[in-house]
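FYI, side chains are in, hydrogens and waters are out, and symmetry mates aren't considered; it's all heavy atoms of this structure.
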Protein chains: 2
Amino acid sequence: MLRSNSVTIKDIAKKLGISTSTVSRALTNHSDVNPKTKEAVLELAQQLDYQPNSIALSLRKKQTHVIGVIIPETVNRFFSKAIGGIQDEASKAGYNIMVCQSNESQHIEFNNIQTLLNSFVDGIIISVSKETSSEKPFQRIMDKGVPLVFFDRVVDTLETPKVMSDNYEAAFKATSHLVEMGCSRIARISGPLNLYNSRWRLKGYQDALLHHNLEVNEELVIYSSYAASNVREYTNHLLDLPEPPDGIFAINDQGALEMMHTIKQKGLRIPEDICVIGFNNDYFSAFTEPSLSSVEIPAYELGRIAAELLLKEVQLDNPVYEKRIVPSKLVLRDSTRRIKG
Amino acid sequence: MLRSNSVTIKDIAKKLGISTSTVSRALTNHSDVNPKTKEAVLELAQQLDYQPNSIALSLRKKQTHVIGVIIPETVNRFFSKAIGGIQDEASKAGYNIMVCQSNESQHIEFNNIQTLLNSFVDGIIISVSKETSSEKPFQRIMDKGVPLVFFDRVVDTLETPKVMSDNYEAAFKATSHLVEMGCSRIARISGPLNLYNSRWRLKGYQDALLHHNLEVNEELVIYSSYAASNVREYTNHLLDLPEPPDGIFAINDQGALEMMHTIKQKGLRIPEDICVIGFNNDYFSAFTEPSLSSVEIPAYELGRIAAELLLKEVQLDNPVYEKRIVPSKLVLRDSTRRIKG
DNA sequence: TTCATTATCGCAAACGTTTGCTTCCTATTA
DNA sequence: TAATAGGAAGCAAACGTTTGCGATAATGAA
């Protein structure tokens with residue numbers, strides 16, 4: 001509030017008996033300024049610890065050097081890693097980021113967008129909430145001429161840069177791996193199908209089964225929200241089936257961990273009786289009992305590339321609708337390591 | 001860039017044939033404006049989807065409604081939870097947050113401060129890096145009249161609001177619990193001692209031992225950075241001691257998990273041969289084998305309170321140096337559950 | 001009718017910059 | 001010597017608001 005009045009360009013001008021224009025030009029390395037006065041300005045600026053007022057700059061230049069980021073939630077390790085990538089790339093270019101979380105709510109997500117637009121961010125990077133079904137809010141961003149980049153959870157129908165992992169292929173690989181380990185009844189815990197990712201992962205899972213001449217059994221597919229609340233419930237449901245699964249492709253490592261816990265409580269052995277593979281390769285997965293196989297999605301890289309694409313869009317005037325796919329990696333551990341059945 | 005020129009107060013004024021002052025007054029609910037014109041302004045504003053330019057407002061009012069947050073790293077679940085608390089509290093008051101991570105580097109932390117000050121944030125919430133030793137940068141923030149609040153990792157010598165957990169008591173409780181479970185040679189993995197938290201946790205550990213008439217044995221204290229790289233190394237070192245520990249108070253759950261893994265590989269049983277207790281109660285800790293006892297620090301609440309204190313400081317003009325301690329909670333599980341003796 | 005009061009509104013400055021245009025001065029050239 | 005070029009600097013507008021002050025008109029009272 002009573003912010004000690006910081007030194008402005010005017011102070012320098014007054015103290016040097018010159019006009020603000022000249023000071024400005026000296027500071028911004030423009031032409032039309034005598035080397036001597038320029039030096040004097042720079043010296044005084046340094047001495048007075050002058051810092052340009054970025055608010056005034058933003059108003060004048062109509063750009064804030066801030067990019068907005070909307071993610072479902074920070075506590076999700078995948079997204080916090082992605083934020084790291086975004087931030088590193090942004091700060092390299094002199095940009096700051098303003099993070100909002102949608103808490104997986106379409107409504108909050110909409111508010112976030114409003115907030116960021118009102119703050120005049122130079123661009124927005126977003127990974128949509130699992131509720132999100134309408135593309136209107138995003139269309140609105142684009143209509144306003146604000147660069148927009150999707151990452152991971154994309155809205156595929158919009159003509160704007162996107163970066164995501166090879167969801168289909170990742171699921172195909174993971175499922176095929178289970179088959180190769182001798183599993184024939186493979187369950188899949190799927191995310192909500194309005195998410196592009198969930199749809200393609202499910203398709204990858206299904207196609208992998210077909211590719212190995214296995215039938216796709218709808219009773220082995222669980223449609224879960226990402227909330228971890230009912231993991232035990234559907235795990236027991238699967239295990240109590242007349243013909244229970246002998247392999248599980250979980251929604252993520254967190255879910256897989258809890259599933260393994262439930263499975264073991266039931267007296268079943270992993271991987272002998274049932275194989276489990278996760279998703280995202282969380283940091284604890286190497287230390288679980290048994291250690292958990294997983295699919296590694298390079299979250300940091302996803303974020304970094306998203307920022308890269310956005311900055312390209314912000315700085316150049318001609319938009320390029322680039323769609324970048326980053327490869328995933330199968331990380332094999334004990335939870336799927338068994339002699340072929 | 002080619003941001004479609006949004007509608008301003010001028011547009012409304014022109015279209016209504018009145019001055020911008022009147023429009024402003026109508027919009028801000030000031031006096032001195034005819035109810036009829038006011039209504040007309042409001043209606044047109046709505047119709048044109050007028051959004052006040054927050055940049056111009058910031059310049060004029062000298063406040064940005066943005067609060068800066070500096071944390072060691074987003075991927076650390078403790079801090080991402082805290083961010084959640086900060087954000088929820090901030091947005092309730094119409095504030096946005098700008099997050100920077102120091103990556104545990106004092107140098108980057110300094111840059112972050114610079115960045116945030118240049119962005120004219122209305123206040124700063126910070127949890128210092130583990131490298132941080134100097135208090136100068138923070139003094140500088142305060143000298144500039146920018147409200148500053150520390151949370152969790154505080155610099156205790158500065159006269160500014162702080163919120164933290166009861167580190168001493170938490171460590172005392174955890175250590176005492178191990179003693180009560182029959183441990184007499186309890187190892188402690190400590191964080192770097194320039195951190196206030198680490199010092200007090202160490203003291204709580206030591207005092208608990210003394211309180212139970214056990215000797216404090218320096219060879220059982222490992223000074224670790226938070227980097228997880230050398231966990232296996234020092235775990236083996238401890239286990240290979242002539243008189244190895246029969247209890248471990250780990251630096252956090254992540255470290256504890258890896259330690260448990262190493263311990264089991266060595267053929268030792270948990271908790272029979274050695275008890276392990278962690279810190280922070282990570283979400284996987286209920287599912288490890290054995291499940292991991294831990295100390296729960298309410299990170300979200302810590303963040304929320306930090307924002308609460310900061311906003312109080314921002315909005316009122318007279319600063320209050322409040323120091324808030326939030327209680328921790330022992331979460332007991334199988335890794336310390338054994339018959340005494 | 002006249003004066004004072006009040007309601008309503010506009011003017012213009014201010015926040016801290018940038019920048020197109022103008023101005024002034026010096027030095028070069030014919 | 002006069003014309004001109006060009007270097008160096010200032011003026012003022014602009015970005016979108018808010019707000020103190022003054023202006024105008026209408027209203028009421030005397």
Side-chain angles (χ1 to χ4, degrees), chain A residues 1-42 44-45 48-66 117-120 122 144-145, chain B residues 1-42 44-45 48-66 117-120 122 144-145:
Chain A
M1 288 304 211
L2 45 127
R3 177 87 52 97
S4 91
N5 24 3
S6 40
V7 22
T8 78
I9 221 177
K10 286 187 188 175
D11 300 326
I12 300 185
K14 200 174 298 176
K15 207 158 289 194
L16 251 47
I18 59 181
S19 79
T20 60
S21 341
T22 312
V23 177
S24 170
R25 277 187 269 257
L27 253 22
T28 53
N29 222 353
H30 260 288
S31 57
D32 279 5
V33 43
N34 191 313
K36 269 186 240 162
T37 57
K38 177 173 174 177
E39 198 182 353
V41 168
L42 290 181
L44 187 58
L48 260 46
D49 190 27
Y50 166 77
Q51 301 286 353
N53 184 324
S54 58
I55 307 288
L57 269 174
S58 298
L59 184 59
R60 183 71 228 257
K61 299 282 204 88
K62 288 187 158 300
Q63 52 172 314
T64 54
H65 279 254
V66 174
L117 288 180
N118 283 350
S119 304
F120 285 85
D122 287 348
K144 286 219 171 203
Chain B
M1 289 306 212
L2 45 127
R3 178 86 53 98
S4 92
N5 23 3
S6 39
V7 22
T8 78
I9 220 177
K10 286 186 186 174
D11 300 325
I12 300 186
K14 201 173 296 174
K15 208 158 288 194
L16 252 46
I18 58 181
S19 79
T20 60
S21 343
T22 312
V23 177
S24 170
R25 278 187 270 255
L27 253 20
T28 53
N29 223 353
H30 261 287
S31 58
D32 278 6
V33 43
N34 191 314
K36 269 186 241 165
T37 57
K38 178 173 174 178
E39 197 181 354
V41 168
L42 290 179
L44 187 58
L48 260 46
D49 190 27
Y50 165 77
Q51 302 287 353
N53 184 325
S54 57
I55 307 290
L57 270 173
S58 298
L59 183 59
R60 184 71 228 258
K61 297 283 203 87
K62 287 188 159 301
Q63 52 173 316
T64 53
H65 279 253
V66 173
L117 289 180
N118 283 349
S119 304
F120 286 85
D122 287 348
K144 286 219 168 201

Inset, instruction - Identify whether any heavy atom of Ser58(B) sits under 4.0 Å from a base atom; if not, whether one sits that close to sugar-phosphate; answer base, sugar-phosphate or nothing. - result: nothing
Legend entry - Rounded distance (nearest 0.5 Å) linking atom OG1 of Thr22(A) with atom NZ of Lys38(A): 13.0 Å
Inset, instruction - Give one of base, sugar-phosphate or nothing for Thr8(B), where a contact means two heavy atoms less than 4.0 Å apart. - result: sugar-phosphate
Inset, instruction - Let me know the distance between NZ of Lys14(B) and P of dC9(C), rounded to the nearest Å. - result: 20 Å
Inset, instruction - List the protein contact pattern of nucleotides 4-13 of chain D with one symbol per nucleotide (5' to 3'): B for base contact, S for sugar-phosphate-only contact, - for none; contact means a heavy-atom distance under 4.0 Å. - result: ----SBBBB-
Legend entry - Chi angles and distances behind the side-chain contact (heavy atoms from CB on, under 4.5 Å) call for Leu44(A), Lys15(A): CA-CA 9 Å; Leu44(A) 187 58; Lys15(A) 207 158 289 194; 4.0 Å; yes
Inset, instruction - Enter the distance from Ser54(A):OG to Leu59(B):CG here, rounded to the nearest 0.5 Å. - result: 10.0 Å
Legend entry - Given dG16(C), dT19(C), dT19(D), the nucleotide with the shortest approach to the side chain of Lys61(A): dT19(C)
Inset, instruction - In whole angstrom, give the distance that lies between atom CG of Leu59(B) and atom C1' of dC15(D). - result: 9 Å
Legend entry - Nearest-0.5 Å distance that lies between atom CZ in Phe120(B) and atom OG in Ser58(A): 10.5 Å
Inset, instruction - Write down the distance between CD1 (Ile12(B)) and C1' (dG16(D)), rounded to a whole number of angstrom. - result: 12 Å
Legend entry - Separation of dA14(C) C1' from Leu57(B) CG (nearest whole Å): 14 Å
Inset, instruction - Send over the distance from Phe120(B) CZ to dG16(C) P, rounded to a whole Å. - result: 8 Å
Inset, instruction - State, with a plain yes or no, whether a side-chain heavy atom of Thr8(A) is found less than 4.5 Å away from one of Asn53(A). - result: no
Inset, instruction - Starting from C1' on dG16(C), measure out to CG on Asn118(B) and report it in whole angstrom. - result: 14 Å
Legend entry - OP1 or OP2 of dC15(C) under 4.0 Å from side-chain N/O of Lys10(A): yes
Inset, instruction - Grab the CG-C1' distance between Asp11(B) and dC15(D) for me, whole Å please. - result: 13 Å
Legend entry - Inter-residue atom distance Leu16(A).CG - Asp11(A).CG, 0.5 Å rounding: 11.5 Å
Inset, instruction - Let me know the distance between CG of Asn53(A) and C1' of dT17(D), rounded to the nearest Å. - result: 15 Å
Inset, instruction - Indicate yes or no: at least one non-hydrogen side-chain atom of Pro52(A) is less than 4.5 angstrom from one of Leu57(A). - result: yes
